[in-house]
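Worksheet: the structure to be examined is printed underneath.
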Amino acid sequence: MQLRARQLHFMAETTQKTANQPEQSELRYEPQRIEEKWHARWQAEPGRYAAETHESKRKKYYVLEMLPYPSGVLHIGHVRNYSIGDALARHMWMRGYNVLHPMGWDAFGLPAENAAIKNQVPPRQWTLQNIAHMKSQMDRLAFSYDWSREITTCLPEYYKWNQWFFLKLYEKDLAYRKKSKVNWCPECATVLANEQVVGGCCWRHEETKVEQRELEQWFVRTTRYAEELLADIEKLERWPEKVRTMQRNWIGRSDGASVDFAIDGNGKITVFTTRIDTIFGATSIQVAPEHPVVGDFIKVDPTLQAKVDELVSQRQKSRESDDPGVIDKHGVFTGRYVINPFNHEKIPVWVANYVLMDYGTGAIMSVPAHDERDFEFAKKYDIEVRVVILPRRSEEPPDPGKKESPVLPYTDKESLVINSGDYNGLSNQEAIEKMTAFAEEHGFGKKVVTYRLKDWGISRQRYWGTPIPMLYCEKCGIVPVPENQLPVLLPENIEITLQGSSPLARMPEFVNTTCPKCGGPARRETDTMDTFVDSSWYFYRYTNPQLTDRALDRATVDYWFPIDQYIGGVEHAILHLIYSRFWTKFMRDIGVVKNSEPITRLFTQGMVIKDGAKMSKNKGNIVSPDEMVARFGADSTRTYALFAAPPDRDLDWQEAGVEGVYRFLGRTYRFVARHASVTRIYSSSTLKAGSGASPTARAIQRKLHQTIKRITDDFQGRWHFNTCVAGIMEFVNALYAAEEEIASGKFPSGALADAQRNLVLMLAPFAPYLAAELWEVLGEKSDLLRQPWPQYDPALAKEDEIEYAIQVNGKVRSRVAVPADSPKELVLERALADDKVRVAIEGKEVVNKIVIPGRLVNIVIR
RNA sequence: GCCGGGAUGGCGGAACUGGCAGACGCAGCGGACUUAAAAUCCGCAGGGCUUAAAAGGCCCGUGGGGGUUCGAGUCCCCCUCUCGGCACCA
């Protein structure tokens, strides 16, 4: 507080001095003065960043940064994310696009409940306070958001539509209720989605082991769209390959067959396999401990129970071990047998700890010769290893008795099926086709496609979320809340604890209601929705957030969608982005939108690192944006966030680096302010090459157009904003180098005006405050945001003369300058005439001469 | 284990399609201005050898080893380390 007061006092002094003498060389760059002045002006102009309607004649551009959780304060990671998006938005505005650049709040979620318990503040109040503060931080950083479109997911105006969409999901049989084992985080006291379990622990509490509980849950049938979600990844050409791969793996399609093995006695066990071609090599069947058949077997042989329990506890232990990767394989022989439908052999049934109940059928056929896991298991329990496939037709079959390792997959065309009755001599692919057909024909198997993707469990036993709009009536069963009764309001004034069931369940006035079907007593669903529901479709709502009679307006959505550019952390590569893609497809199928994918181009920025570690509260290496803004200004903070590293890479935050950017902005400010009087009078003019104009001025102009090209290209392509900023620095350095001539008055005024105006325009996306100030200093009244982006002119960027490096055998021996566009012959002639080159090649035989236009000459001698 | 990034001066990074490695910035050193300091402005700066010194010259150098090429930080093969994701998926 004290420091701040002193700072302000000091600034007041200098401000007065410079205001009276703007041309003095001791001009100071005072970001606080400049930024507070423009901040006040812009705050008084709320419509400043508003997009035009969908009837606009301009081409649309929808740029979006992932909406934050209102935790209380912005951190540097946010600043980086938004600085990238804001630079792009401002650039696109200047390019004449109708830009949509909205912001909102992912405002439901557990931290608000925790804060409520800790500080005795209602979640709503806590959340809204945080939002107000973070919004003011964003404004201070001059992020160009259209706040008229702001959404806050915890407000009924928004979550009403979550509920409406849920009813639609239910109508389409895309939402269903089932009793299931769920991941339970004791710390959160709630259920976690599979996606929220990281290495057996809660994604929020990395130290907390997840438990299994059985509960009635609402699920969304994401698996119905598994195939389309997978196939459409191919269309996402402008997404990072990394994210596409992660999604492909997450969906995890595998093509195979199910095969029924008749149990010796009665019943059957159905296995899933991708390698039916190896079925003659199956020497046992393995089932998951949870497989229903295990219960049946136990009824017959109760002694089995204890053995299976032991197996399960072992698995639990392995899961809790530090290295969850490779666990020991354990198994229990059930004493029972099944019949292989292909060779009618009797093979044993085992219960194995590595077989997963929730993938495939929970049962596998074990082919030790051709699968590493099966091999390991077979060796341990002394089960027969039978080779049924050879990698090449030429190879001799190995002696199975001597085998020390599995023969492994062998899926190429050269493979050869052996020891398999009628199928001997086929390739692996042919065998798969024929065997599957045979199984289908005889009714004991069929072609099956399985996915790793599971349905999305959305029930949360928490208070601070969207109430699931369903009722339970004694007579009618599950009844959806009628649409005209939405929203089901989340009650206020509730006592929040982290114990057991949902806080809502302890509120009779919420729970007890009447059934809309029969009028009898009914209970409300007391679980709330996973907050990923809110973020699955929020970006659509930005197109028309004020609508009260429907979620979206089709014409408006069709105009803005898909999102042209989405920017956020890679940590959302799977969850958020798969749910969002799913939701879009679902909305398309109920006619709410027409597009099948929500996002055209995705950009995932790198993490912010400090002192070698990811910035986090735990590590105590948090940098506060407020502090940076107070010390160096918002412009320096933003520009540094872009300058320190390319946006897709991790960024090492160094305070000295921010100071460096601050110095650069100061240099820019002083130069422009010092020579503003010229620009205020003269209009910009361009110099023609070879017109006898000042060579210094031509050099500046050349550098200017080279810089314009560099930045313009980057915005459209690689986004290496670090080099864009470096380019502007170089340009400013060039202006300083020419300052003596400029001060002397020999420098053409029109050219100086041109350089200054364009410098400010190029700066505008990165340092909006300084750019606005300098624009005004240059006597401009117009809004910089709507100024056309500088036009690149190749003729003006072109060098008159090019310096070639002259190599002899690949080593630079000399340099010669030749006029640009010199023919190769001339360049070579000059190179060979060079003294140093002559010395280097004297008495040697020149075997090759290579001229790379505009770059170098390489003379190869022997 | 599998799938992706990455490794370049004291530090962050640049070199976009194989063509002068180290742009730009930080830290450092020297100078100008100043009574002085801060601020500012100008300059130097990968390592080594040669030289009284400078200029100049020579050699080495992009995690390690090999290869392709007139030419490799960039392409190919093998390896090391590191970060991120997934992990018994049948």
Side-chain angles (χ1 to χ4, degrees), chain A residues 25-29 198-199 240-246 248-250 252-254 256 271-275 278 286 315 318 324-329 352-356 358-367 370-374 376-377 450-452 570-571 573-574 606-607 609 614 640 643-646 648-661 663-664 666-667 670 710 713-714 717-718 720 722-730 732-733 736-737 739 803-812 815 836 847-861:
Chain A
S25 59
E26 66 265 24
L27 269 170
R28 274 187 94 90
Y29 169 51
V198 181
E241 198 47 51
K242 178 187 182 169
V243 174
R244 299 168 75 192
T245 304
M246 282 164 81
R248 258 183 226 114
N249 294 342
W250 192 261
R253 176 185 164 127
S254 60
V271 304
F272 174 69
T273 178
T274 56
R275 296 298 309 275
T278 63
Q286 263 118 59
R315 180 161 69 178
S318 321
V326 192
I327 68 164
D328 287 342
K329 290 175 180 52
N353 65 341
Y354 70 96
V355 178
L356 306 171
D358 53 7
Y359 186 78
T361 59
I364 62 167
M365 63 181 204
S366 181
V367 185
H370 303 291
D371 182 285
E372 258 179 300
R373 294 154 301 169
D374 293 349
E376 191 187 328
F377 193 85
T450 358
Y451 298 90
R452 187 185 172 281
V570 73
E571 65 272 21
I574 297 175
M607 292 187 304
I609 304 285
K614 183 182 174 168
Y640 176 71
F643 176 64
D648 52 340
R649 284 229 241 148
D650 287 352
L651 182 153
D652 189 85
W653 192 267
Q654 294 182 357
E655 230 153 87
V658 189
E659 200 174 340
V661 170
R663 278 205 283 266
F664 152 66
R667 243 167 109 73
R670 285 187 296 276
R710 196 167 163 181
D713 287 354
D714 251 302
R718 350 180 265 172
H720 280 195
N722 54 330
T723 59
C724 291
V725 175
I728 301 174
M729 285 173 173
E730 281 180 50
V732 171
N733 289 346
Y736 268 82
E739 192 164 20
E803 192 184 65
Y804 278 77
I806 313 299
Q807 298 182 332
V808 176
N809 280 356
K811 290 194 171 137
V812 180
R815 292 164 192 286
K836 285 174 197 157
V847 295
N848 202 358
K849 293 174 279 198
I850 291 146
V851 180
I852 306 299
R855 296 202 180 260
L856 55 69
V857 175
N858 191 10
I859 298 162
V860 188
I861 58 170

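Chain naming here is simple, since letters A, B, ... match the order of the sequence lines and numbering starts at 1 in each.
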Considering only NZ, NE, NH1 and NH2 on the basic side and carboxylate oxygens on the acidic side, decide whether A:R855 and A:E803 come within less than 4.0 Å. no
Expressed in whole Å, how much space separates the C1' atoms belonging to B:C26 and B:A36? 27 Å
In B:G9, glycosidic geometry as syn within 90° of 0 or anti otherwise: syn
So A:D713, base contact, sugar-phosphate only, or nothing? Heavy-atom distance under 4.0 Å. nothing
Say we look at B:A38 and B:C33: how far apart would their P atoms be, to the nearest angstrom? 15 Å
Looking only at the side chain of A:R373 (C-beta and beyond, no hydrogens), which of the listed nucleotides B:G25, B:G19, B:A90 gets closest? B:A90
Inter-nucleotide C1' distance (B:U51, B:A37), Å rounded: 40 Å
Between B:A90 and A:S254, is there an OP1 or OP2 to side-chain N/O distance shorter than 4.0 Å? yes
Using atom P in both nucleotides, what's the gap between B:G71 and B:C60 to the nearest angstrom? 15 Å
Residues which pass side chain to side chain contact (heavy atoms under 4.5 Å, CB included) with A:S254, listed by chain and number, not counting sequence neighbours: A:F272, A:T274, A:Y359, A:T450
Salt bridge between A:E730 and A:R710, side-chain N to carboxylate O under 4.0 Å? yes
Check RNA chain B for consecutive Watson-Crick or G-U pairs with both distances under 3.5 Å and list the runs of at least three as stems. B:1-7 with B:80-86, B:10-12 with B:24-26, B:28-32 with B:40-44, B:46-50 with B:56-60, B:63-67 with B:75-79
Under the rule for side chain to side chain donor-acceptor pair (under 3.5 Å), what residues qualify as partners of A:N249, not counting sequence neighbours? none
Report yes if a donor N or O on one partner sits less than 3.5 Å from an acceptor N or O on the other, where the partners are the side chain of A:R855 and the base of B:C20; otherwise report no. no
Touch class at under 4.0 angstrom, heavy-atom based, for A:E571 against every strand present: nothing
Heavy-atom donor-acceptor pair, A:N858 side-chain to B:C70 base, under 3.5 Å: yes
Charged N to carboxylate O below 4.0 Å: is that the case for A:E241 and A:R244? yes
For the ring pair A:Y354 and A:F377, is the centre-to-centre distance below 6.0 Å? yes
Give the nucleotide from the list B:C20, B:A90, B:G25 with an atom nearest to the side chain of A:Q807. B:C20
